[in-house]
Amino acid sequence: MTAILETDIPLEKMPLERYVPPAKPSLVGMSRTALAEALGAVGVAPGQQKMRVQQLWHWIYVRGAQDFDQMSSVSKDLRAVLDTHYTLARPEVVAEQISVDGTRKWLLRLPGEVAGERAHEVECVYIPESDRGTLCVSSQVGCTLNCSFCHTGTQRLVRNLTPEEIVGQVMVARDRLGDFIGMARAQGPGLPTEGERCVSNIVMMGMGEPLYNFEAVRDALGVVQDGDGLAISRRRITLSTSGVVPMIERAGAEIGVMLAISLHAVRNDLRDKLVPLNRKYPIEELLAACRNYPGLSNARRITFEYVMLKGVNDSLADAKALVRLLSGIPAKINLIPFNPWPGSQYECSDWEQIEKFSEIVFNAGYASPVRTPRGRDILAACGQLKSETEKLTARERMALRAMAMTD
Ligand code: SAH
Ligand code: SF4
């Protein structure tokens, strides 16, 4: 019998399910244009739409309104019309977990294709730190790509998330944290005092490949960035991609957020196995797209993510090659300890090896891969992983990935 070669793994899976919008859509997460259209559809005159959008955005994104009746600056009649046709619903929270360090995870239920059946679930993770609070957001349920070290990659894709569902993750986090004006702040470790924002940073590092759901991610991040919307600056939003080369320039031009590239290998033969999309867009093309990323500068560096896989990509020769490969690109390097999952074929590199690797990267002038004393977070995460390996849930893996990312 012929052994199955790694390269026989299909590069992409087919999406399985379509999205069927609910009969009564939510206005939360709609772009200004979509919201103006939604207002037009219920009889708001074109000349009034812009002003109404502005009013509704204030209630939705600054005040966190969950009920049209709260919108005291909107006429009673219009509130009643809106209530007949639309909702202010967010994704349904089916579970919330709070860790001792303050990390919070929400399991969210989204409607499936068949109403009332086969609901889909995504997770959203909040990590409070002394100077920021980072929310790790998903762009798809599952992922069509098959990166061999990623658990999400082993799931069949269910579907792309809509802009409303992507923004909805931020709304849920802010609801639960009491992060809207006039709301009581949630209690728990690590949360900032009232008056300061809980969610200050966003990383598109949850489930899915954001550049395979380009329009929805663009529109959602438009609402997140908008000064009258969720008002999180583009410098505080990071989009992570496995390397969808043709979309990278568009991402810079149309979304304009910070870019992270899941590099993970310095040679095409290895990257072909780790990130099969590399067979379509090899390292040279990926790095050329990075060099051309609109707005790239020393102040706006690209983060290169590199998952530490024992005996696979963690040699010191690899570290030196990594530094050489990125020379000339304003870059940060983020070493991520591999988070094992049941059935995964890799192990996390030993801590000593990560430290030596990190030393080479650091001595070459790259910012420390993690924020607090160099490497300490990696050790913490990696040590934790060693003892907890099989116990880690998908949520915990996501939290650890996002923690490694918050720089
Ligand atoms: N699809 C996008 C974003 C989501 S994955 C991407 O691939 O970039 C976010 C990051 O977590 C990526 O760098 C990804 O390679 C990394 N990752 C995936 N599985 C991992 C695991 N088991 N351990 C550590 N990092 C992992
Ligand atoms: Fe998809 Fe990213 Fe996982 Fe690859 S690493 S399978 S692109 S989520």
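Read the numbers this way: they start at 1 and go in the same order the structure lists the ligands and their atoms. Note that this is a predicted model, so its numbers are computed, not measured. In this chain, residues are counted from 1 in sequence order.
- Heavy-atom separations between Gly243 and ligand 1 are all 4.0 Å or longer.
- Classified by interplanar angle (parallel below 30°, tilted 30° to 60°, perpendicular above 60°), the ring pair Phe149/His264 is perpendicular.
- Residue Trp341 has at least one heavy-atom neighbour below 4.0 Å for each of these atoms of ligand 1: 22 (N).
- Listed here is the closest heavy atom pair of Pro189 and Pro128: O-CG, 4.3 Å.
- Arg235 places a side-chain N or O within donor-acceptor distance of the main-chain N or O of Ala299, the cut-off being under 3.5 Å.
- A side chain to side chain contact (heavy atoms under 4.5 Å, CB included) with Leu35 holds for exactly one of Val223, Val28, Leu56; it is Leu56.
- Remark: ligand 2 atoms within the under-4.0 Å shell around heavy atoms of Cys143 are 1 (Fe), 6 (S), 7 (S), 8 (S).
- Tyr126 places a side-chain N or O within 3.5 Å of a backbone atom of Cys198 that can act as its donor or acceptor partner.
- We find that Glu285 and Lys280 are not joined by a salt bridge, their nearest charged nitrogen and carboxylate oxygen being 4.0 Å or further apart.
- Counting only distance, with no hydrogens or angles, the side chain of Arg185 and the backbone of Glu196 share a donor-acceptor pair below 3.5 Å.
- For ligand 1 and Ser262, the ligand atoms under 4.0 Å from any heavy atom of the residue are 6 (C), 7 (O), 8 (O), 12 (C), 13 (O), 14 (C), 15 (O).
- Not a single heavy atom of Pro340 sits less than 4.0 Å from an atom of ligand 1.
- Of all atoms in ligand 2, numbered sequentially from 1 with element shown, those under 4.0 Å from a heavy atom of Ser242 are 7 (S).
- Atoms of ligand 1 lying under 4.0 Å from at least one heavy atom of Cys150, given by number and element, are 18 (C), 19 (N).
- Between Phe338 and ligand 1, no N or O atom pair is found at a separation short of 3.5 Å.
- Heavy atoms of Glu209 approach ligand 1 to within less than 4.0 angstrom.
- Within ligand 2, counting atoms from 1 as listed, the ones closer than 4.0 Å to a heavy atom of Leu145 are 6 (S), 7 (S).
- Those atoms of ligand 1 that come under 4.0 Å of a heavy atom in Glu305, given as number and element, are 10 (C), 12 (C), 13 (O).
- Those atoms of ligand 1 with a heavy atom of Pro337 less than 4.0 angstrom away are 24 (C).
- Which of Ser240, Ser344, Cys143, Cys147 comes nearest to atom 2 (C) of ligand 1 through a heavy atom is settled by distance: it is Ser240.
- Note on Cys150: not counted as a metal contact of atom 4 (Fe) of ligand 2, no N/O/S atom lying under 2.8 Å.
- No side-chain donor-acceptor contact under 3.5 Å links Asn363 to the backbone of Ile360.
- Comment: Arg267 engages Asp318 in a salt bridge, judged by a side-chain N to carboxylate O separation of less than 4.0 angstrom.
- Contact annotation: for His151 versus ligand 1, there are no heavy atoms closer than 4.0 Å.
- Within the structure, the closest approach of Gly206 to ligand 1 falls below 4.0 Å when heavy atoms are considered.
- Contact analysis leaves Met207 out of contact with ligand 1, as no non-hydrogen atom separation drops below 4.0 angstrom.
- Side chain of Asn313 to backbone of Val307: a donor-acceptor contact under 3.5 angstrom is found.
- Each of the following atoms of ligand 1 lies closer than 4.0 Å to a heavy atom of Ile336: 24 (C), 25 (N).
- Remark: ligand 1 atoms within the under-4.0 Å shell around heavy atoms of Thr241 are 6 (C), 8 (O).
- Side-chain contact between Val93 and Asp175 is absent, with no heavy atoms from C-beta onward closer than 4.5 Å.
- A cation-pi geometry, defined here as NZ or CZ lying under 6.0 Å from the six-membered ring centre and within 45° of its normal, holds between Arg174 and Phe180.
- Remark: ligand 2 atoms within the under-4.0 Å shell around heavy atoms of Gly153 are 6 (S).
- Residue Gly208 approaches ligand 1 through these ligand atoms, each under 4.0 Å from one of its heavy atoms: 1 (N), 2 (C), 3 (C), 4 (C).
- The closest approach between Tyr346 and ligand 1 stays at or above 4.0 Å for every heavy atom of the residue.
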In sequence, state the C-alpha distance, the side-chain angles, and the governing distance for Phe357 and Tyr306, and then conclude on ring pair (Phe, Tyr, Trp, His ring centres under 6.0 Å).
CA-CA 11 Å; Phe357 196 107; Tyr306 196 94; 5.2 Å; yes
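- The shortest heavy-atom contact between Gly208 and Thr152 is N-CG2, 4.1 Å.
- Coordination check, Cys147 versus atom 1 (Fe) of ligand 2: failed, since every N/O/S atom of the residue sits at 2.8 Å or beyond.
- At a heavy-atom cutoff of 4.0 Å, ligand 1 is contacted by both the backbone and the side chain of Asn339.
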